[in-house]
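First the structure, in the form of structure tokens, and then the observations on it.
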Amino acid sequence: MTNNRTRDLTVGSPMRLVLSFMLPLTFGLLFQQLYSMVDTMVVGKLLGVEALAGVGSTGSINFLVLGLCNGICAGFAIPVAQKFGQKSYDDLRRFVGNMIWLTASIALTVTLVTTSLCRHVLTWMGTPAEVFSYAYDYIFIIFMAIPATMLYNLLSGIIRSLGDSRTPLMFLILSSVLNVALDLLFIVVFRMGVAGAGWATLLSQLISGVLCLVYMIRRFPILHLSREDLVLRPVYAWHLLAMGLPMGMQYSITAIGSILLQSAVNGLGASAMAAVTAGSKVSMLCVCPFDAMGTTAATFAGQNLGAGKPERIHQGIRDCTLLGGVYSIVILLALYFGGGEMTRLFLDTGDQASTAAVIPLSRQFLMTNALFYIPLLFVNLLRFTIQGMGYSELAVLAGVMEMVARAVFGLCLVPWLGFNAVCFASPAAWVMADLFLFPAYYRCLRKRGYSPQRTVSRRLSRAKT
């Protein structure tokens, strides 16, 4: 029932498999960040600093809601990876059939709740009056796009669980190019303001998701579902929810801290808000490889757990650590010499006074975060691996650690230390999460049958033979 578009990650060199799986993911995330950056660049350059600050002020609430939805989709894909590793294809298809019903219900519910409450949430966050309309016009449409976003993330997660990280890349590239074109059309030609950026995102996500569905049906026989597979079964539904809800809650809990921090940033004025927005966009582009490693680690762990090979899970972590450490040093040097100029891309350089105020703050924010990219690497690697091994509830606790750190900075330290505290909030959150994740990872690995002594003995035996 499989074909050459699937990939078995349970045999072969972990380093080679990690690289071949991760690189398409990295390119996909880069393209995803590209059209997010284009949204911001077009808004900042054509609509001004206040519009940029308004769109940027929605980042934390955007992460709260979309993080919940995307985390649920990622969690739903883990049983698929495990069943693929076990070669249990009937169960695999039943999980896919049940996740269709669950995802549709969740998407509809979240869309109705968020579109109804987004004005109240922006008011609660203390969004300044001069940027409020920009923030609302943008985030309302982004929330309307939740079903389209979940459609794409669910389908791409299923495909990646089967070892294929290239097909989702193709549709992300398509979505990115389409989003850029629609941005320019809606904002420059139709003069729709920040709402045009939101509509561009909605339509590009919807088209990408529908094409991904058509492609999956045509090209992946293993995913051809019968009427029997589409029956909603409590045992499968509960297992999916047990994996997906904690993973989604992890993102949302983390985002609560970001919202509290953003509320504190809002009190520092439009220049600080724009600086954080521009610096965050550059940083999100730079950390795409870490996000790709996390997704790779989850799929790698799920398949190898299903195949009964926990020692390969640990080897995959070691290989990713080597890759991520080298990348962290390289990107730190690149940002030191060019980070300030990269933030200039998001500003109207004709407004000299605003640019002069924003760029130094943005560079400070960016460089402070870059100094702590290695702790961020481990947050992604360990958290996703724990989830891939089936312990999604522990990821929630890691999210709590991040939330507490950002909340302390936002509520206590930003009013006292100002923008300096904003810069150190995320690094503190990453370090706090790592303090929990390292012991949790080794505990989960041992519970799944990993023994360092047994692994060494096997290597020595193979060396002798």
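Reckoned from all heavy atoms, side chains included, excluding hydrogens, waters and symmetry mates.
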Under the side-chain contact (heavy atoms from CB on, under 4.5 Å) rule, what do Met403 and Leu260 come out as? Steps first, then yes or no, please. CA-CA 9 Å; Met403 179 195 70; Leu260 295 173; 5.7 Å; no
Donor-acceptor pair, distance only, cut-off 3.5 Å: does the side chain of [X] make one with the backbone of [Y]?
X: Ser362; Y: Gly279; value: yes
X: Thr299; Y: Thr296; value: no
X: Thr295; Y: Ala292; value: no
X: Ser204; Y: Leu178; value: no
X: Thr26; Y: Pro289; value: no
X: Ser208; Y: Phe171; value: yes
X: Asn70; Y: Leu66; value: yes
X: Asn380; Y: Gly294; value: no
X: Gln205; Y: Met150; value: no

For Met273 and Asn266: C-alpha separation, side-chain torsions, deciding distance, then whether side-chain contact (heavy atoms from CB on, under 4.5 Å) applies. CA-CA 6 Å; Met273 294 169 67; Asn266 291 350; 3.3 Å; yes
Which residue is it: Leu377, Asn369, Leu437, Ile374? I am looking for the one with a side chain to side chain contact (heavy atoms under 4.5 Å, CB included) to Trp430. Asn369
Under the side chain to side chain contact (heavy atoms under 4.5 Å, CB included) test against Phe143, which residue among Thr58, Leu117, Thr114, Val113 passes? Thr114
Do the side chains of [Y] and [X] get nearer than 4.5 Å, heavy atoms only?
X: Leu394; Y: Phe436; value: yes
X: Phe132; Y: Thr123; value: yes
X: Met293; Y: Phe384; value: no
X: Asn304; Y: Glu311; value: no
X: Phe424; Y: Thr368; value: yes
X: Pro168; Y: Tyr152; value: yes
X: Thr385; Y: His314; value: no
X: Ile158; Y: Phe220; value: no

So which heavy atom on [X] is nearest to which on [Y], and how close?
X: Arg406; Y: Ala425; answer: CG-O, 4.2 Å
X: Phe372; Y: Val431; answer: CD2-CG2, 4.3 Å
X: Met247; Y: Gly71; answer: CB-O, 3.4 Å
X: Gln303; Y: Phe84; answer: NE2-CD2, 3.5 Å
X: Ala135; Y: Gly54; answer: CB-O, 3.3 Å
X: Ser156; Y: Cys212; answer: N-SG, 4.4 Å

Do any side-chain atoms of residues 326-337 form donor-acceptor pairs under 3.5 angstrom with protein atoms, and if so which ones, sequence neighbours left out?
from, atom 1, to, atom 2, distance (Å)
Tyr327, OH, Cys286, O, 2.4
Ser328, OG, Gly324, O, 2.8

Please name all residues satisfying side chain to side chain contact (heavy atoms under 4.5 Å, CB included) with Thr321, sequence neighbours left out, ordered by chain then number. Ile317, Phe378, Leu381
Sorted by chain and number, sequence neighbours left out, side chain to side chain contact (heavy atoms under 4.5 Å, CB included) with Val287 holds for Ser283, Phe290, Asp291, Tyr373, Leu376
Please step through side-chain contact (heavy atoms from CB on, under 4.5 Å) for the pair Phe300 and Arg312, ending with a clear verdict. CA-CA 9 Å; Phe300 190 84; Arg312 285 177 58 83; 4.0 Å; yes
To the nearest 0.5 Å, what is the distance between CG on Asp164 and CE on Met216? 11.5 Å
Separation between CG of Asp319 and CG of Leu17, rounded to the nearest 0.5 Å: 9.5 Å
Take atom CE in Met144; do more than 12 heavy atoms of anything else shown fall under 6.0 Å from it? no
Run the numbers on Leu445 and Arg448 for side-chain contact (heavy atoms from CB on, under 4.5 Å), then give the verdict. CA-CA 5 Å; Leu445 204 58; Arg448 291 303 191 184; 5.6 Å; no
